[in-house]
Amino acid sequence: MNYREELLEILQDINSEADYETCQDLIGEEVLTSFEMVMLVAEISQQLGISIPPDQIVPENFRSVDVICELLERLAEEE
Amino acid sequence: MRGIRGKVVAAALVATAALAATPVPAYAWGFSFGAKAEEKAEESYVFRSGETDIVMGGDSAPVVRALGTPLDTFEADSCAYQGKDKIYSYSGFELGTHPDGGVDVISSVYVLDPAVSTPEGLQLGDPKSEITKLYGKGYTLENGVYRYVKGSSELAIYTTGGIVDAIEYTAIAE
Amino acid sequence: MRGKKLGGVLLAAAVAAAGLWGLTCLLVPKYTGRVVEGNFTAEYYREESPHDVLILGDCEAYENISPVTLWREYGITSYIRGNAQQLMSQSYYLLKDALREEKPETVILSISAMQQAEQSNETYNRMTLDGMRWSREKLEAILASRMEGEHLIEYVFPLLRFHSRWAELGGEDLTWFADRPLVTHSGYYMRADVRPAGTFPAERRRSNYEFEEKAYEYLDRIRELCEEEGIALILFKAPSLYPVWYDQWDMQIEEYAKAYGLAYLNALEEIDVIGIDFSEDTYDGGLHMNVYGAEKVSRWLGPVLQKQFGVPDRRGDAALSAVWEAKAARYDAEKQSQEEEFARLGYLTRFSGDETGASD
Amino acid sequence: MLLVSYEFLFFLAVLLALYYLLPGRFQWPLLLAASVLFYLSGGAFAIVFLITTTVTTWFLALRLEAMTERAAARVKELGLSGGEKRAFQAAVKQKKKRVLIAGLILNFGLLAVLKYTNFFLGNVDVLFFGGSGEGPYVDWLLPLGISYYTFQATGYLIDVYHKKIHAQKNLARYALFVSFFPQIVQGPISRFDELAAQLTESRRFDWLTIRLGLMRMLWGFFKKLVAADRIAPAVAVIVQNPDQYQGIYVWIGMFAYMLQMFADFTGGIDIVIGAAQLFGIRLPENFNRPFSSRSLAEFWRRWHMTLMRWLREYIFFPVSTSRASQKLSGAARRFLGKGAGRRAPLYFASVTVWLITGIWHGASWNFVAWGLANCAVLLISQECSPLYRRFCSRFAWTASRGYAAFEVARTYLVFCMIEMFEYYSFDVVFSMFGSMFFGIRPWQFSGELAASLGLSAADWIVVGLSALLMFAVGLAQRDGRSVRERIFALPGWQRFFVIYGLFLAVLVLGVYGQGYDASQFIYNQF
């Protein structure tokens with residue numbers, strides 16, 4: 001269950017200009033601010049039904065789109 | 001186009017909500033008592049001569065001007081010129097000043113004759129009972145001397161044989 | 001390589017130390033303007049000859065007795081180890097410090113400091129103790145009179161106390177960078193101007209006239225030290241009309257003197273015998289004697305010291321005479337210049353800060 | 001014991017000697033003993049609260065760890081899987097949550113009672129005594145550093161709950177983590193995994209780390225004693241008399257206030273981090289050149305970083321993903337559309353965080369207003385960011401250095417204006433805004449009003465030069481290399497004169513000793 005498309009669509013909706021796809025260090029380069037991270041998490045739980053527990057919301061898990069996908073897949077299995 | 005309009009509406013909504021939220025506590029600031037606790041320190045004793053209030057520790061210049069020319073002015077340099085204490089004599093009382101940070105502040109008032117009474121109504125020659133009647137029980141007694149402390153000032157009432165024979169206000173340096 | 005590096009470090013340390021020492025000399029107050037009382041203690045170490053009489057106390061000691069007059073008219077060699085607001089504890093340690101140098105036959109102790117056991121202004125502590133040579137006595141003196149906010153380290157490194165003077169440096173800080181001028185005459189602070197005594201404010205009542213326990217403690221220690229050293233101790237009260245010297249205080253001193261068989265010379269009760277005229281013999285309206293009053297008091301003390309205490313007349317000693325003639329010459333010169341200036345201006349510019357703007 | 005005092009320097013020197021003389025295994029117990037001694041010197045009774053927080057969080061963390069291990073063992077033993085396993089784990093999580101909540105309520109309750117009773121009573125006074133001041137009020141002395149160590153200890157407890165770290169079994173080692181003396185006064189708030197291990201490592205004397213630590217402390221003393229304390233009287237005069245000091249003085253007051261706060265807080269933190277570095281212990285940085293920020297959001301990522309990190313990890317994210325905010329988000333989505341639905345948790349979490357930050361800074365409505373004002377500006381700038389990005393992409397000159405400087409100045413101005421909420425009522429703040437821009441009158445440049453600020457020309461020169469030096473050091477740090485390394489890289493003599501010069505500057509120009517009372521750090525009255 002690859003969530004790449006849905007994820008990109010949500011990110012696009014949050015911020016159409018930002019280039020999320022290629023950037024490998026979303027947090028470091030402050031492309032994804034903590035505010036946008038919260039919005040992303042809220043959207044993911046709304047649209048994909050996966051609720052990301054707070055202890056998982058750490059910079060390492062949101063470094064890039066691929067890493068976020070892995071997180072989603074891992075959380076989905078545990079569901 | 002719809003997406004943009006939704007965002008602008010949301011932003012406007014948030015702005016008004018946040019702005020409304022800010023003044024409510026701000027107007028309530030009037031009751032912010034975080035700092036209030038400290039302001040509750042009591043004021044000092046005040047001696048009154050005619051219209052002039054003499055507050056212990058207050059600036060002496062306006063008071064001395066208001067009291068008019070004194071009967072006598074006595075100046076005493078402290079050792080090695082570390083500040084000049086002054087004592088002004090007026091009819092019935094003496095006013096002492098002490099330099100503090102470049103300003104002469106009022107350091108003491110000494111009542112000399114029975115005609116002059118304290119704002120609370122105590123006079124030389126009154127019996128001991130008058131003291132507690134006018135100033136209450138909050139005193140310390142030592143060798144017939146009643147001392148009351150209020151704010152940064154002290155009122156000392158000297159008695160001999162149960163009769164008041166000297167009254168002195170002094171400012172207590174913090 | 002090791003040696004060179006060590007050399008570098010040592011050199012750097014030396015430069016650092018020299019810098020700190022230089023800054024200290026620059027920033028410590030020089031006390032050569034209106035306020036000179038900070039140089040009294042250090043001047044004692046410049047004396048070349050011993051003294052038969054040592055005088056200790058606060059301004060009642062160093063403003064009311066003239067050692068040059070005692071020498072000139074009685075051949076008595078004396079020195080006043082006095083300072084502004086000098087506490088009893090400080091007098092004790094200054095005496096012990098002096099006893100490392102010499103052994104006087106007689107000590108005159110001014111007892112006006114009994115009324116104040118604790119120091120009131122940190123500046124007085126510094127003026128009294130900074131000039132003292134480093135010794136066990138200085139350390140104990142600092143600890144005995146140290147005030148709330150004072151730290152011992154600020155005495156060891158005066159730069160920590162006086163660093164804030166960087167903004168008020170004056171010409172005197174450079175001219176007197178390393179040494180100091182003589183500002184007293186064997187400890188006597190000369191004032192030749194005159195301000196007659198007027199009326200004084202009413203006497204203030206007190207609830208407690210007992211001298212504090214700490215004051216008595218150091219009076220006892222001075223007495224015991226004099227007994228050990230075989231020195232005759234004389235208690236002395238200067239003829240000062242203000243602040244008032246309460247009878248209750250006087251009684252306590254008389255009882256103490258009687259209890260230990262000490263002489264108590266109270267000039268306040270001998271004003272007419274001494275011949276003091278408060279319209280001419282005081283420079284600050286009756287608080288202290290000027291030079292004329294001090295000489296009168298000395299002429300009153302001289303015979304007492306010689307007759308009752310056998311203080312020798314050393315005017316026959318050639319070496320001593322030479323030393324004291326030089327002192328007398330300097331004394332007369334300053335007295336004459338002050339008299340001349342006072343006659344011309346009606347005040348002494350050096351000591352009149354606020355009126356004419358000559359600041360300290 | 002104040003950081004700026006002979007006692008602290010003497011305490012540090014003796015401790016340093018002992019630390020490097022003792023064999024390794026005695027080093028961390030020595031630090032613990034020193035920390036307790038340091039705490040007791042600030043008043044004996046307050047240590048009771050420190051002990052309570054330390055013991056409760058230590059004990060509850062062990063309980064949580066035990067519950068987790070037992071649950072895992074049970075799962076393996078019963079061979080549960082799938083739905084059953086998840087139900088069992090959910091039940092255990094529920095029990096663990098209760099233990100965590102108990103720990104949080106106890107510790108934050110303690111902090112609230114000690115710090116905010118007067119605030120609460122004050123409001124009671126308004127409601128029932130008509131604000132006349134007769135109402136009850138208490139004058140408890142706030143235990144030293146309670147706002148800092150409580151956050152640090154509860155952060156540890158939450159990390160153990162989330163299984164990010166393993167609980168520390170040894171109470172003494174944990175106590176050292178909570179009470180390590182340099183950081184107890186005003187932070188930084190460390191995380192357990194980044195500090196605990198360092199504390200108990202044994203170390204040998206290494207002149208380089210000592211030198212770096214001393215240099216950092218010296219720089220801290222310079223900022224605190226030469227800049228912050230010298231400008232303080234002028235700031236106090238202006239801040240307390242907004243009606244007297246209009247126009248140009250609002251600007252002077254603002255710059256002076258920001259200089260004092262920056263120099264005081266970063267200076268204090270430099271002393272703390274430098275002191276820890278003497279023992280080879282690296283504490284997290286609390287500042288990263290805050291006044292080079294080009295937006296308020298960036299400013300709050302560079303100012304008081306450890307507090308903001310704590311709030312983000314333990315309040316912002318949990319609140320934003322809590323069930324309450326999800327419900328809120330669902331409701332908002334239904335009534336106000338998708339946009340609002342996505343933003344609801346963000347706003348809910350932001351307002352919560354900024355209310356807490358505000359009230360943490362001070363127990364009064366001023367600080368609540370200050371917090372919410374920050375929140376409002378941040379949310380508005382977040383909302384407008386798409387418009388702003390489009391604006392930037394359309395105009396090329398926005399990438400120029402001049403524009404960057406404008407943004408830095410704008411952020412500085414916005415931060416200063418929000419700061420005013422801490423001190424003044426709403427209408428006074430507005431009138432000051434007005435007088436800042438329109439109230440500048442020539443007569444305000446008269447000497448008399450300037451002199452009344454209590455600072456002589458020499459003082460202003462010293463403050464100006466020290467501000468320049470701090471600005472230069474800030475610029476020099478831009479390329480990331482620490483200025484101290486650069487100084488130590490200088491050849492012998494130059495290095496000596498730079499360090500000796502700074503030392504003399506603090507010794508001579510510092511505001512300390514007689515005549516100045518050993519001033520408190522602004523930030524250690526928390």
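Chain letters run A, B, ... following the sequence lines, proteins first, then strands; residues in each count from 1.
Here the side chain of Tyr62(C) pairs no donor or acceptor atom with the backbone of Ile80(C) at under 3.5 angstrom.
The closest side-chain donor-acceptor pair between Tyr20(D) and Asp206(D), if any, does not fall under 3.5 angstrom.
Residue Leu27(C) touches chain D through its side chain alone, counting heavy-atom pairs closer than 4.5 Å. With a 4.5 Å cut-off on non-hydrogen atoms, Phe10(D) does not touch chain C at all. The contact between Leu160(C) and chain D is made by backbone and side chain atoms together, counting heavy-atom distances below 4.5 Å.
Counting heavy-atom pairs closer than 4.5 Å to chain C, the top-ranked of the candidates Leu504(D), Asp459(D), Leu507(D) is Leu507(D). Taking Arg161(C), Arg165(C), Glu150(C), Glu122(C) one by one and counting their heavy-atom pairs under 4.5 Å with chain D, the maximum is reached by Glu122(C).
Nearest heavy-atom pair, Leu87(C) versus Ser145(C), reported as atom, atom and distance to 0.1 Å: CD1-CB, 3.8 Å. Across all their heavy atoms, Tyr93(C) and Arg221(C) have their closest contact at OH-NH2, 3.5 Å.
With Asp270(D) as reference, Lys223(D) is the one residue of Arg484(D), Lys224(D), Lys223(D) to meet the salt bridge (Lys or Arg N to Asp or Glu O under 4.0 Å) rule.
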